[in-house]
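Beneath this line is the structure, given in structure tokens, with notes to follow.
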Amino acid sequence: MGPPVLAAAPDGGWGWLVALAVFLEAGLIFGVIRSFGVFFVEFLGHFGELAGRVSWVTSITIAILLFASPVGTSLSTQYGARPVVMAGGFLSGLGLLLASFATSLTHLYLSIGLLSGFGGALVFAPSVATLARYFKRRRALATAVAFSGPGLCSLAFSPLFQFLVDSYGWRGGLMIVAGMTFHLMACGALLRPLALTEDLALAPAPQRSWLAKLSSLFGLALLSSWPFLTFAVSGLLMNLGYLVPFAHLVPHAREMGFDEYQAACLMSMTGATDLCGRLVAGWLDARRAFRLLHTLTLWTLLTGITLLLVPFGHTYPTLMAIDLCYGFLAGAVVPLKFSCLVEIVGTGRILEATGLVHLLESFGALAGPPLSGFLRDVTGSYTVSFIASGTFLIVGGLVLFTVPNFCSCSTTSPPKQSGDPEDAGNLTRHNGDHPCDGKT
Amino acid sequence: EPAPVPRAGWAPTRPPALTVESGGRRRCVTPAQQPGTGGVSLQRYCSCPARTMRGSGSGAGSLRLLLSLAALWLSDANEPGTAMTTRDINQQTRKSISDYTVKEHDLSTPGSHLTTQDFNQQTEENISNLTSAVYSISINGFSSAPVEENVILYSPANIALSCNLTSPSTDSATVNVTWKKDNETLRSSSVTFNETKHVWSTQYMLKIRDRNQMGNYTCVFKRDQEVKATFHLQVPQIEGKEHHVVSYVGDSVVLVCKSIKYIPISWIWYMSNGSDQVAVNDSLMPDKYTVDEKYANITKLKILKISEEDDRSYWCQAVFKLGESKGKVSLKVLTYMTPLKPFLAIAAEVIILVAIIFLYEMYSKKKQMHAEDEKEFEQIEQLKSEDSNGVENSTTRHRKV
């Protein structure tokens, strides 16, 4: 007998366990990526390679995560969320386990970058979709709880990773982190499938060619929409700079002369203020005092300016203060971005829009940290890297000025697309402060 | 060349033919030619111009010999130091050279044997611009605890160490000040003592040229109590890594030592062997140890094919002009079993969690199914009892009974 068919989303009960599962998943995927700076320094020393080449590890992971998230979505609609998430969790852990035996950087690119990144993509998108199904009225609260995961987890993971490296070396440390990542499978087990009455009402989609499916999955038709296009380009530019601190703040701090645990603390503090930033963003979203697009532009510019200031933090307190500001601003930018996207394209096409934005942003994620690492190799310090990434963020914020109707004070409704299956949009509806573009 | 043995036929009054070394020159004496091969043999021994005196008259020849001998004796007597050995000569030639080039050095002290080291340093002193610095310590009162200061010296310099003692008492008793180096009292030739109001200050001038001048210099003020301050003159310290570097059997590891501010002349790596330190010879074992010195202030020792015996301490020694200093890096070698145990424990825990979750789900589903079955059963029963209303009820009841 299959799962009971419910009239409406339960908005509680098992849903809270699903929220807990997504919380842990977000923490295990993004918290690990954020705290990877500790391992970055070890790879630099062991493989004797340039910072540019080692940066590819983090950037490939995030890029594959973003790029392959539509694959996760489509697989989960076919087979259900639970098996896909458990398979993704297994792949993620396996990738890290294989990485602990790495003998070259290429080995790391393939095992951490490709395998763990793809596993993360399989985990994240279906989990978020399941969470959206379990909650309707309280969706905002549930997603806020769930996406505080990366912030809280990176708070603990950064010093923990340093401790693991001190006790077991980077190989042993990766092995134990792989064990931790296998908990993704346990989180996936919590995602009980839920059958809602509205699913049954959905008419089966007509058979389309795989190209049409792909294009609808990625929402390529959206590219013709000018507001979306500018928004996506802005997202691409922002991603070029946004991810650099997660990759290079710890090595930069070590080069400035701070010891291992001080540098690890910087990253964990970023996680703590990231949480505050998200909450403030959610509050701002609820208030609707200003137009979301204006708020997003302002925060993006501020984040870019903060990154520009990072090279000027010569003492530990100043660097920590700049770092806290960055964490706060960056944490707020992510949910704001998503809300703006909903505003621009409407909830009907949000799924495709998210997929397409992820796709474009994955290129930014792929290029950002290696470019920053290359600048460091050429100039000898991370100063130019941070200045460049701050500049990218500022340019991305400025591009947002070109979104049509920027200067109007009221939100314009997105153009209605005829023939859109509204139900499909309702099934995986993401609400206001729910960051779905993978940068949590 | 050995002095030719005088032949038996010669008159004993004549001096035998000798080769005399005097001032690096050799004098050859060609005696009168004897019939036979006498002259020829002499000529072979002495590298003299071939002056054959064959056939000359014996009388004229002997006179010439006498004259040349007399000239020989006379000239030899005038040259100083006939009995000098080669070593003395070398020293004197050196001294004469140094006299010319080092103009400012005071050679008034006779018999001073200039060694090569002094010579080099003096030329350096004249050529390079040396830094001058003053390091001072202030002492408050006679009852303060001994003060210490570390002075880092990287290259030869002229330094002045100064101690200032402020004492509030108006006691006008004299204060004696002495300077000591490593508990040996120094001559006060470079000490200046200044006494104004209640501040006694003393300054000791030092020319740091080599490692012998490094050490602990103490100024001691003595009246009725004694108070002292110490300057520790040392080369820049190298920081190793306080926490050990972890690596695995069969892996490779890179040990790094840095000296950011001061650039050493060279680096030497040592490894601990029991309680003493053995130099790491990377040229002897190139497939095991590689020293990378791309930059002068960073040295990297790469150890390949690590085994359990490489679990020891390593020292990187930086050689400076004024001494050496060492930094310690210790290596810890683990086998893959060490992190594998926690990993397997965590993996087992994950499997247990997943099993618990699925079992709970199956259990709660079973309960739900049971509850639904019971509901259905009750519903059917209710329908049945409603259907069989009236007469049939009693008959069924009768039948049951």
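Naming: A, B, ... by sequence-line order, numbering from 1 per chain.
Between Ile176(A) and Pro339(B), the shortest heavy-atom distance links the atoms CG1-O, 4.3 Å. Val354(B) and Ala189(A) get closest at one heavy-atom pair: CG1-CB, 4.4 Å.
When the shell of 6.0 Å around NZ of Lys241(B) is examined, it contains more than 12 heavy atoms from other residues, nucleotides or ligands. Within a 6.0 Å radius of CD in Glu242(B), other residues, nucleotides and ligands contribute 12 heavy atoms or fewer. Glu149(B) CD: more than 12 foreign heavy atoms inside a 6.0 Å radius. By the 6.0 Å contact criterion, NZ on Lys326(B) is enclosed, its count of non-hydrogen atoms from other residues, nucleotides or ligands being greater than 12. By the 6.0 Å contact criterion, OH on Tyr79(A) is open, its count of non-hydrogen atoms from other residues, nucleotides or ligands being 12 or less. The local environment of CZ in Phe374(A) is sparse, with at most 12 non-hydrogen atoms from other residues, nucleotides or ligands closer than 6.0 Å. For Phe163(A), the CZ atom is loosely surrounded, since the number of other residues' heavy atoms within 6.0 Å does not exceed 12. Heavy-atom neighbours of Lys302(B) NZ from other residues, nucleotides or ligands within 6.0 Å: at or below the threshold of 12.
For the options Leu17(A), Leu97(A), Val165(A), Thr103(A), heavy-atom pairs under 4.5 Å to chain B are most numerous at Leu97(A).
Once rounded to the nearest 0.5 Å, the distance linking CD of Gln162(A) with NE2 of His243(B) reads 9.0 Å. Put simply, CE on Met175(A) and OH on Tyr336(B) are 6.5 Å apart, with the number rounded to the nearest 0.5 Å. Here the CE-CZ distance, from Met180(A) to Phe343(B), works out to 12.5 Å after rounding to the nearest 0.5 Å. How far OH of Tyr168(A) is from OG1 of Thr338(B): 8.0 Å, rounded to the nearest 0.5 Å. We find the SG-CD1 distance between Cys187(A) and Ile357(B) to be 7.5 Å, quoted to the nearest 0.5 Å. The structure places CD of Glu361(B) at 9.0 Å from CG of Leu190(A), a figure rounded to the nearest 0.5 Å.
Side chains of Ile351(B) and Met185(A) form no contact here, defined as non-hydrogen atoms less than 4.5 Å apart.
In this structure, no portion of Leu164(A) lies under 4.5 Å from any heavy atom of chain B. Looking at Leu340(B), the atoms closer than 4.5 Å to chain A (heavy atoms on both sides) sit in the backbone and in the side chain alike. With a 4.5 angstrom heavy-atom cutoff, Asp292(B) does not touch chain A via any of its atoms. For Ser364(B), the part lying near chain A is the side chain, with the backbone staying farther off; criterion is any non-hydrogen pair under 4.5 Å. If you measure heavy-atom distances from Ser167(A) to chain B, the contacts under 4.5 Å come from the backbone alone. With a 4.5 angstrom heavy-atom cutoff, Ser247(B) does not touch chain A via any of its atoms.
A donor-acceptor pair under 3.5 Å links the side-chain atoms of Tyr248(B) to the main chain of Gly172(A), judged by distance alone.
Note: Trp14(A) and Tyr360(B) have parallel aromatic rings, judged against thresholds of 30 and 60 degrees for the angle between ring planes.
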